[in-house]
Amino acid sequence: MFDIFEKKESSVRSYCRKYPVVFDMAKNAEMFSESGKRYIDFLAVAGSMNYGHNNPEIKKAILNFLNEDHIINALDMYTKTKEEFLKTFDELILQPRKLDYKVMCCGPTGTNAVEAALKLARKNKKRSGVIAFAGAFHGMSLGSLALTTDRVSREGAGVSLDNVTFVPYDCGKLDSIAYLKEQLEDDHSGVDKPAAIILETIQAEGGINVASVEWLRQIRKICTDNDIIMIVDDIQVGNGRSGTFFSFERANIVPDMVVMSKSISGFGVPMALLLMKPELDIFRPAEHNGTFRGNQLSFVGGTAGIRYFVKHSLDKEVIRKASLIDQYIKKNILPLDTRLSCRGIGLIWGIDFGAINPKFALDCVHEAFDNGLILEVAGRKDGVLKIMPPLTIEDDVLQEGLDIVKKIVAKVLV
Ligand SMILES: Cc1ncc(COP(=O)(O)O)c(C=O)c1O
């Protein structure tokens, strides 16, 4: 059944090993195999499908665009499509939040926006070091991989991953703010002043670790006090995932740079952006270049996605559904074993098996798949079961998926 994949596709393939089926169709929060078997999607292509698979409003905009023979790819030339995206993003997202960012269209994947942010921060501050956090995931190219903490990913680099100092995240066990301040203030700490501090406000791949508002504000203050650029990586938890369009809104802070990708294109087509405060916009023309920085389908999808987000008040929907998930887990899943714990916000939740046996989380993924549910693991030893449906998931499908989670967790714990 998988002959051609096993014969021809590189061994680096990974998700297909957890979901051994050939997928064909998808609609909102459901995916279908070539034989028509239905799977509820609690992964949302790692946060790329916030507005659902084949969202009809976004699809319509893309189909109209294709039917009219517009230019599809244009490097970074001016196009009507990019103009419309930038205007919509500014009018519907940035201005209402009083955010004054310039927008850099990067190469098409998240890691490229992270690379751009690193380069630009270093160029601005004329310093090479960056501070990142234990548990971070920022991408797989060498600059972003240097910020990424999981061992398997780092071992793939083949060269030393330099210029990064890691600090514990807001995990409750250590006072990482005090530690960070000490590193920056102590003239014998051995840590040079960095160009930037980069963080996810919710570590997704790191195990659904939700930083507290106070912690985020403290990091903002440390950056301001020490002339360090604060970069928020909103690639996975932006676009409404946390209950606000940008994940940092809940802390009422303004990062100096923000990296976005995944759901920013609305339709699941590749796109990545770096947002920066205007005074940081000092790249010379073509200093961070790339062919696919002008994919017009992504701009069309992005424009339609933003309109969809605003028109349907998805932020409010996320908060409503978050409480359904929260209550369900606390009422139905945590009582299955007192050693289970859960963390989450918006539509990203994790059930932590670390105190029992981290391997159980992956067992749940396999069981879930057999029961028609796509789930993923995250965190230390892959011990956290991650729940991350499209934001548009219907209530009954969400309920059905949660019932499967309960069933499979109960089975794995026996
Ligand atoms: C927080 C975060 N940053 C960066 C990336 C890298 O994005 P990409 O895989 O598109 O390069 C990811 C991907 O999962 C991510 O979750």
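Remember, it's 1-based here, ligands and their atoms both numbered in the order they're listed.
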[atom] - nearest protein heavy atom and its distance:
atom                    : answer
atom 9 (O) of ligand 1  : K262 NZ, 4.7 Å
atom 16 (O) of ligand 1 : Q236 NE2, 2.7 Å
atom 15 (C) of ligand 1 : F137 CD2, 3.7 Å

- Of all heavy-atom pairs linking L402 and F42, the shortest is N-CZ, 3.8 Å
Please could you name the atoms of ligand 1 that [X] approaches to less than 4.0 Å, counting only its heavy atoms?
X    : answer
T109 : 10 (O), 11 (O)
D233 : 1 (C), 2 (C), 3 (N), 4 (C)
T111 : 6 (C), 7 (O), 8 (P), 11 (O)
G110 : 7 (O), 8 (P), 10 (O), 11 (O)

Do [X] and [Y] have their ring centres less than 6.0 Å from each other?
X    : Y    : answer
W215 : F133 : yes
Y39  : Y19  : no
F267 : Y51  : no

- Message: Please work out, at 4.0 Å between heavy atoms, whether the side chain, the backbone, both, or neither of E200 comes within that distance of ligand 1.
- Response: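 For E200, the contact with ligand 1 is made by the side chain alone.
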- Should the pair F283 and H288 be assigned to parallel (<30°), tilted (30 to 60°) or perpendicular (>60°) ring geometry?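 Correct class here is parallel.
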- Only one of R97, K98, R241 clears salt bridge (Lys or Arg N to Asp or Glu O under 4.0 Å) with E249; which?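 Going through R97, K98, R241 one by one, the salt bridge (Lys or Arg N to Asp or Glu O under 4.0 Å) with E249 is satisfied by R97 alone.
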